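This report concerns only the one structure given below.
Treat the numbers as computed from the prediction; the structure is a model and nothing was measured.
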Amino acid sequence: MFIPIGEPCLGKKEAQNVSKCLKSGWISSAGKYIGDFEDKFARYCGSKYGVATSNGTTALHLALLALDIKEGDEVIIPDLTFVATANAVTYTRAKPVFVDCQWEDWNIDYHKIEDKINKRTKAIIVVHLCGNPAAMPEIMRLARRYNLKVIEDAAEAHGAEYKGRKVGSFGDIGCFSFYGNKIITTGEGGMCVTDSRILSEKMRLLRDHGMSKTRHYWHTMVGYNYRLTNIQAVIGLAQLERIEEFINRKIENASLYERLLRDVEGIVLPRLSVHARHVFWMYSVLVTRRFRIDRDTLRLRLREKGIDSRPFFYPLHLMPPYRLKAHFPVAEELSRSGIMLPSSVKLTEKQIRYIARNIKDV
Ligand SMILES: *Cc1c(COP(=O)(O)O)cnc(C)c1O
């Protein structure tokens with residue numbers, strides 16, 4: 001037996017859609033399903049426009065380019081995130097500036113953002129880590145005071161809400177990933193959502209080699225090929241029909257994990273805010289000293305029982321491309337103690353009980 005950390009949930013509808021798309025011949029990045037997927041996903045997020053991309057990283061890069069982020073600029077990001085958040089900033093030759101996380105939600109500590117703002121600061125990328133929405137109203141207030149752009153990296157948080165509003169719709173642009181282990185998947189894929197027609201058109205232009213819409217092979221800027229294919233979009237449409245079912249399943253799984261792990265000494269569970277709809281992309285806990293066995297040993301023991309897991313991301317400031325002498329105590333401690341447990345929507349109650357029992361046995 002092997003319980004994976006995550007796996008896509010693909011049904012008959014996905015297969016039928018792919019077959020329909022194949023028969024139509026429109027398998028590349030022109031075709032009617034792309035626009036349909038963009039419209040439906042943007043509407044789901046409560047945003048006006050959607051721009052589909054080849055993956056979540058290109059979505060972030062496109063968003064930064066559309067907001068004119070360039071060499072000499074600084075972009076504030078959390079120290080604890082998947083590396084793509086920082087890399088997208090680096091692609092524009094701007095400098096990513098790291099801010100520590102907070103214990104409450106493991107997201108960027110917005111109380112510490114102000115200290116990092118200077119003349120060169122142009123934007124903040126907020127990451128909704130593991131599906132837990134950051135406190136966007138507070139961050140938007142701060143950004144407006146300093147005239148900063150806000151990009152939401154919602155790659156792990158499709159459908160998450162803060163005070164009833166979906167993530168991705170607070171900032172200037174929200175970015176999503178449809179990689180195989182994300183909440184919905186198109187294999188590889190991504191999307192930018194925005195309420196600004198101007199930004200959406202700029203992103204469409206940049207996504208398609210910067211080619212003029214009215215003059216073929218006339219390029220008004222250096223663009224990119226960051227397009228999603230029609231065949232990926234048609235999978236996305238089938239996935240989108242089930243997104244609420246997937247999320248509710250993840251929330252149910254999380255509450256079962258919580259009930260089973262609540263009383264285990266040394267295991268710290270994610271805190272839930274009354275304002276947040278946490279979508280639990282990956283159900284994660286902290287393995288503290290009081291557990292008496294460290295996180296990595298726990299992972300090995302679980303692996304012997306056929307249970308997959310992941311450590312948290314490394315803090316960006318400790319990795320070779322971004323090394324700094326600075327100290328980010330919360331990000332460092334989260335990274336040292338955090339473990340992501342199996343979180344697939346296909347998990348059974350029996351499997352979750354088996355995982356929890358093995359954690360207790362260790
Ligand atoms: C997955 C992820 C990305 C990148 O998405 P890809 O589709 O893999 O390029 C960016 N940011 C975060 C926080 C992610 O989890």
Side-chain angles (χ1 to χ4, degrees), residues 1-7 77-86 98-109 112 127-132 155-156 181 250 253-272 278 280-344 347 350-362:
M1 188 192 55
F2 178 72
I3 306 177
I5 181 86
E7 63 182 314
I77 69 172
D79 188 43
L80 195 70
T81 175
F82 181 57
V83 72
T85 317
F98 310 137
V99 168
D100 204 0
C101 304
Q102 54 179 14
W103 287 113
E104 286 71 19
D105 57 6
W106 307 343
N107 288 320
I108 193 165
D109 185 347
K112 294 181 183 154
V127 182
H128 306 292
L129 205 67
C130 292
N132 200 7
E156 303 178 357
N181 69 8
K250 282 185 180 280
N253 287 350
S255 60
L256 181 57
Y257 266 127
E258 187 181 296
R259 263 184 285 140
L260 298 169
L261 296 174
R262 194 159 36 205
D263 299 325
V264 182
E265 172 134 0
I267 295 288
V268 173
L269 306 179
R271 285 188 219 170
L272 295 181
H278 188 328
F280 296 100
W281 168 61
M282 287 283 169
Y283 188 77
S284 308
V285 299
L286 307 179
V287 183
T288 66
R289 270 187 207 93
R290 289 176 59 203
F291 191 70
R292 305 230 297 277
I293 283 176
D294 66 49
R295 191 263 323 263
D296 294 331
T297 310
L298 171 61
R299 289 195 59 217
L300 284 173
R301 297 281 182 81
L302 292 177
R303 192 67 190 72
E304 285 161 12
K305 299 289 183 180
I307 301 164
D308 197 14
S309 68
R310 291 283 180 282
F312 270 21
F313 303 124
Y314 288 99
L316 289 165
H317 78 280
L318 294 179
M319 290 190 283
Y322 297 111
R323 193 164 282 149
L324 291 177
K325 285 230 173 67
H327 189 43
F328 297 84
V330 182
E332 287 165 28
E333 187 51 38
L334 287 170
S335 171
R336 230 185 335 260
S337 62
I339 178 173
M340 303 183 193
L341 298 172
S343 300
S344 155
L347 271 183
K350 210 168 136 207
Q351 286 176 316
I352 296 175
R353 290 186 185 279
Y354 173 79
I355 296 162
R357 184 161 12 97
N358 275 287
I359 294 173
K360 286 181 196 169
D361 287 352
V362 169

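- A donor-acceptor pair under 3.5 Å is formed between the side chain of Asp308 and the backbone N or O of Ile5.
- Ile359 and Phe291 make their closest contact through O-CZ, 3.7 Å (heavy atoms, listed as atom of the first residue, atom of the second, distance).
- Listed for the Asp79 side chain is no donor-acceptor partner under 3.5 Å among the backbone atoms of Asp100.
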Point to revise | Ile77 vs Ile108, side chain to side chain contact (heavy atoms under 4.5 Å, CB included): CA-CA, chis, key distance, verdict | key: CA-CA 7 Å; Ile77 69 172; Ile108 193 165; 5.9 Å; no
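- Looking at Ser309, its side chain never comes within 3.5 Å of a backbone N or O of Leu341 through a donor-acceptor pair.
- Using a 4.5 Å cut-off on side-chain heavy atoms (C-beta onward), Leu286 and Leu334 make contact.
- Heavy-atom minimum distance, Arg295 versus Ser337: CG-O, 3.6 Å.
- Under a cut-off of 6.0 angstrom, the local environment of OH in Tyr314 is sparse, with at most 12 non-hydrogen atoms contributed by other residues, nucleotides or ligands.
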Check your understanding: Yes or no on side chain to side chain contact (heavy atoms under 4.5 Å, CB included) for Leu269 and Tyr257, after CA distance, side-chain angles and deciding distance?
Key -> CA-CA 9 Å; Leu269 306 179; Tyr257 266 127; over 6 Å; no
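- Put simply, the side chain of Thr81 reaches to within 4.5 Å of the side chain of Leu316, judged on heavy atoms.
- By the 4.5 Å heavy-atom criterion applied to side chains, Ile339 and Leu302 are counted as neighbours.
- Side-chain atoms of Arg353 and Leu260, non-hydrogen and from C-beta on, do get closer than 4.5 Å to each other.
- Scanning both residues, Pro315 and Ala331, for their nearest heavy atoms gives CG-O, 4.0 Å.
- Between the side chain of Tyr354 and the main chain of Lys305, a donor-acceptor pair closer than 3.5 Å is present.
- Between Phe328 and Phe98, the ring-plane angle classifies as perpendicular under the 30° and 60° cut-offs.
- At least one side-chain heavy atom of Glu332 sits less than 4.5 Å from a side-chain heavy atom of His327.
- Put simply, CZ on Arg357 and CG on Leu261 are 12.5 Å apart, with the number rounded to the nearest 0.5 Å.
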Exercise for review: Starting from the C-alpha separation in whole Å, work towards a yes-or-no answer on side chain to side chain contact (heavy atoms under 4.5 Å, CB included) for Val287 and Ile267.
Suggested key: CA-CA 5 Å; Val287 183; Ile267 295 288; 4.2 Å; yes
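- Ser343 contributes a side-chain N or O that, together with a main-chain N or O of Tyr283, makes up a donor-acceptor pair within less than 3.5 Å.
- Taking every heavy atom of both residues into account, Ile3 and Pro342 meet most closely at CG2-CB, 3.7 Å.
- Remark: the backbone N or O of Lys250 is not paired with any side-chain donor or acceptor of Trp281 at under 3.5 angstrom.
- Using a distance-only test at 3.5 Å, with no hydrogens or angles considered, a donor-acceptor pair links the side chain of His278 to the main chain of Phe280.
- Inter-residue side-chain proximity for Leu129 and Pro78 is flagged as unmet; no heavy-atom pair is nearer than 4.5 Å.
- No donor-acceptor pair closer than 3.5 Å links the side chain of Arg271 to the backbone N or O of Trp106.
- Residue Glu265 is tested with Arg290, Lys360, Arg292 for a salt bridge (Lys or Arg N to Asp or Glu O under 4.0 Å); the sole match is Arg290.
- Checking side-chain atoms of Ser335 against main-chain N and O of Phe313 turns up a donor-acceptor pair under 3.5 Å.
- The shortest side-chain heavy-atom distance between Asp109 and Val330 does not fall under the 4.5 Å cut-off.
- In terms of modelled atom types and a separation under 3.5 Å, the side chain of Asn132 and the main chain of Asn107 share no donor-acceptor contact.
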